[in-house]
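Worksheet: one structure, shown below.
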Amino acid sequence: MAIVRSPTQRAWSVARYAGLGVASALFLIPFYLLVRNAFMSDTDLTAPDWYWLPPHWQWSNVTGVFDDPAVPMARALANSVAISVVQTIGVLVLSGLAGYGLARIPYRWSNAVFYTITATLLIPAAVTFVPSFVLVSTLGWISTLRGLIIPGLFQALATFLFRQFFLSFPKEIEEAAFLDGLGYWGTFWRIVVPNSGGFVAAIGTITFIGSWNAFLWPLVIGRDPSSWTVQIALSTYLTAQRVDLAQLFMAALIAILPLLLMFLFLQRWIVEGVERTGIAGD
Amino acid sequence: MPDGGRRRAEAGHGLSAVTTPERPGRPSLARRLRGPQDRTLWFWVFVGPFVLGLLVFVYVPIAWSIYLSFFDAYNTVTPSRFVGLGNYVDMLRDPAFRSSLLTFIVFAAFIVPTTFVLSLGAALLVARTRVMRAFFRSVFFMPVACSYVVAALIWKMSIFSGVRFGLVNTVLGWLGRDSIPFLSVTHPPWYWLVLVTVRLWLQVGFYMILFLAALQRISPTLYEAAAIDGAQGFQVFRHITLPQLRPASTAVILLLLINAFQAFDEFFNILSTFGGYPPYARPPLVYLYYTALGSGQDFGHGSAGAVILTLLIAIVALVQGRLTGIGRAAD
């Protein structure tokens with residue numbers, strides 16, 4: 001702020017950048033190790049000597065990941081893509097519609113419905129995995145994509161946030177649309193949704209990350225290898241008796257690559273999503 | 001902006017807000033806006049699919065689980081032998097269940113303060129930085145996109161690998177120290193170091209963003225007034241920043257506690273081997289997973305455990321809300 005800086009301020013500034021630099025280096029080490037290990041050969045990786053970079057770049061690890069008959073990585077990637085995409089779109093549509101209805105359509109029991117939804121926010125999702133497993137197994141959905149996707153579509157938090165967001169949506173625009181005879185449905189899809197891009201992107205990216213990285217539910221439901229997600233395939237690999245370490249790291253690199261790319265392009269929306277979803281905690 | 005929108009909503013032109021009661025003497029414009037639209041029907045078109053799903057996939061399982069918790073239910077979800085509170089008594093008497101609660105307490109005692117301090121510290125440093133601010137923020141925030149499984153892999157097999165090629169042991173070797181077999185020691189403290197640092201790395205960025213948002217909401221006039229009064233450095237932090245961050249801090253601590261209570265991924269992936277999960281360092285969800293979904297499929301005890309854990313979380317949330325509520329009233 002001050003244009004003229006005192007020596008003390010200058011010293012603090014140097015100390016701050018030094019601290020940030022060291023902390024950043026520590027935070028980047030795991031990513032560095034992931035990439036380095038992914039391109040090492042197994043013998044170089046487990047050798048007693050330390051290599052800062054792979055002495056022999058093993059590009060064959062990339063194909064090796066998909067050739068391993070014990071862990072169906074290609075299938076797991078396809079499952080993860082299908083689950084994350086369908087779940088993200090599903091949550092956006094279901095929670096977006098419900099949030100809009102709660103915010104804008106007057107109805108006698110609207111508040112009762114709203115409390116029914118928000119009450120489930122008090123119950124942590126992870127604790128309900130036993131009852132949910134019971135239900136899904138009764139439906140015969142174990143080891144199916146249905147069982148992995150459908151129970152995760154009904155996110156009370158997303159609905160709550162959409163309702164709060166639509167309450168603050170400028171009403172004049174909607175009134176104009178109503179005058180033009182669009183009705184609730186038309187107003188929502190043709191006026192409200194196209195003007196809510198940023199918020200939809202924020203909720204969407206957070207949902208996608210959560211879905212892609214989910215572990216407990218896919219572990220409980222994905223009993224058969226054909227229904228494994230990337231996370232489950234990696235975890236199985238990790239606890240296996242004998243592993244090709246370098247290949248395991250390559251598999252992990254492939255597993256986080258889609259999210260890291262998404263992170264680089266959509267960081268702004270992820271930040272906004274974290275701010276919004278985190279603020280709901282108070 | 002949000003407040004303005006809400007105020008307009010409450011004024012009730014045309015589309016009236018949910019909380020506004022119907023008033024018969026509205027301008028005719030409002031009635032025309034409603035037109036032929038059947039609002040009850042449209043409400044359920046919008047909200048119905050979500051509520052139906054929530055009832056089937058959240059409410060039904062919870063009710064079913066409470067029902068199962070009063071029965072002997074091995075390998076079956078339609079049990080016949082009613083045992084009353086027997087499952088609850090068994091769970092509370094089970095030393096393994098109680099030690100899982102102790103594991104949570106130890107874990108929370110490490111992870112909650114360290115995450116809180118580091119994420120607040122990172123937020124304060126980043127907030128005052130001008131040059132390369134976006135870079136530093138991204139670096140701390142990037143692990144949020146990483147999964148617990150991938151992080152567990154890096155921690156277990158590369159950083160804290162017990163053999164010589166692990167990063168920490170390599171550094172120890174350069175310093176002339178002996179290797180530490182981090183994860184093969186079955187007693188504390190080494191496995192706690194691994195478990196706490198992995199979660200720190202993954203979640204510090206998330207809470208840093210929450211603190212950054214809260215810091216931006218503090219009015220600059222407060223700092224200007226403090227500067228006029230001659231407050232400096234730590235005094236400003238102590239008397240302006242920290243009190244202003246109170247709501248955010250409360251939220252962060254509650255989120256940290258709830259998330260620590262639900263810890264599963266990193267424990268499961270770091271500690272379990274092809275031989276199964278070791279008998280120590282089992283947090284509540286890991287214990288529940290093996291009780292209900294292990295070879296025994298003991299849904300009765302598993303459900304009772306889930307109910308107990310849910311009640312515990314609710315109590316923690318309520319107590320914390322009450323404590324901070326009193327704190328706020330005293331201000």
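FYI, side chains are in, hydrogens and waters are out, and symmetry mates aren't considered; it's all heavy atoms of this structure. Chain letters run A, B, ... following the sequence lines, proteins first and then strands; every chain starts at 1.
Of the two parts of A/Val113, only the side chain, counted from C-beta on, holds a non-hydrogen atom closer than 4.5 Å to a non-hydrogen atom of chain B. A/Phe27 touches chain B through backbone and side chain together, each having a heavy atom under 4.5 Å away. Proximity to chain A is absent for every atom of B/Val307, based on heavy atoms less than 4.5 angstrom apart. No part of B/Ala314 comes within reach of chain A, as not one of its non-hydrogen atoms sits under 4.5 angstrom from that chain. Proximity to chain A (any heavy atom under 4.5 Å) is shown, for B/Tyr289, by both the backbone and the side chain. For A/Leu139, the part lying under 4.5 angstrom from a heavy atom of chain B is the side chain only. With a 4.5 Å cut-off on non-hydrogen atoms, B/Leu68 touches chain A through its side chain but not through its backbone. Neither the backbone nor the side chain of B/Thr291 comes within contact range of chain A; no heavy atoms are under 4.5 Å apart. Proximity to chain B involves both the backbone and the side chain of A/Ser235, based on heavy atoms less than 4.5 angstrom apart. Of the atoms belonging to B/Leu54, heavy atoms from both backbone and side chain fall under 4.5 Å from chain A.
Each of A/Leu135, A/Leu234, A/Asn213, A/Thr120 has some count of heavy-atom pairs under 4.5 Å with chain B, and the biggest count is that of A/Asn213. Contact count versus chain B (heavy atoms, under 4.5 Å) is highest, among A/Phe114, A/Phe188, A/Phe165, for A/Phe188. Heavy-atom pairs under 4.5 Å with chain B peak, among A/Pro151, A/Ala252, A/Ser24, at A/Ser24. Ranked by heavy-atom pairs under 4.5 Å with chain A, the list B/Arg137, B/Met132, B/Lys156 is led by B/Arg137. Among A/Ile209, A/Leu153, A/Thr138, the residue making the largest number of heavy-atom pairs under 4.5 Å with chain B is A/Thr138. The residue among B/Phe268, B/Phe261, B/Phe135, B/Tyr148 with the most heavy atom pairs within less than 4.5 Å of chain A is B/Phe268. With chain A as partner, the option from B/Val252, B/Leu55, B/Val131 having the largest number of non-hydrogen pairs under 4.5 angstrom is B/Val131. Interface check for chain A: of the options B/Phe140, B/Phe264, B/Phe299, the most heavy-atom pairs under 4.5 Å are formed by B/Phe140. Per-residue heavy-atom pair counts under 4.5 Å with chain A were compared for B/Asn269, B/Val150, B/Val139, and the maximum is reached by B/Asn269. Comparing A/Leu259, A/Ile256, A/Ile117 by heavy-atom pairs within less than 4.5 Å of chain B, the highest count is held by A/Ile117. Contact count versus chain A (heavy atoms, under 4.5 Å) is highest, among B/Ile62, B/Asp265, B/Leu153, for B/Leu153. Contact count versus chain B (heavy atoms, under 4.5 Å) is highest, among A/Thr205, A/Leu248, A/Leu260, for A/Leu248.
Of all heavy-atom pairs spanning B/Ile154 and A/Pro30, the tightest one is CD1-O, 3.7 Å. Pairing each heavy atom of A/Ser95 with each of B/Phe50, the nearest pair is OG-CE1, 3.8 Å.
At least one donor-acceptor pair closer than 3.5 Å links the side chain of A/Arg104 to the backbone N or O of A/Phe166. In this structure, the side chain of B/Asn169 engages the main chain of B/Ser161 through a donor-acceptor pair within 3.5 Å. A/Ser132 places a side-chain N or O within 3.5 Å of a backbone atom of A/Thr128 that can act as its donor or acceptor partner. A/Trp50 places no side-chain N or O within 3.5 Å of a backbone atom of B/Leu167 that could act as its donor or acceptor partner. One N or O on the side chain of A/Trp217 and one on the backbone of A/Gly147 form a donor-acceptor pair closer than 3.5 Å. With hydrogens and angles ignored, the 3.5 Å screen pairs a side-chain donor or acceptor of B/Thr310 with a backbone N or O of B/Ala306. Although no hydrogens or angles enter the test, the distance criterion places a donor-acceptor pair under 3.5 Å between the side chain of B/Tyr59 and the main chain of A/Thr116.
Annotation: A/Phe31 is in aromatic contact with B/Trp201 [ring centroid separation under 6.0 Å]. Between B/Trp44 and A/Tyr107, the distance from one ring center to the other falls under 6.0 angstrom. Note: B/Phe141 and A/Phe263 meet the aromatic proximity criterion, with ring centroids under 6.0 Å apart.
A side-chain N or O of B/Ser65 and one of B/Ser303 form a donor-acceptor pair less than 3.5 Å apart.
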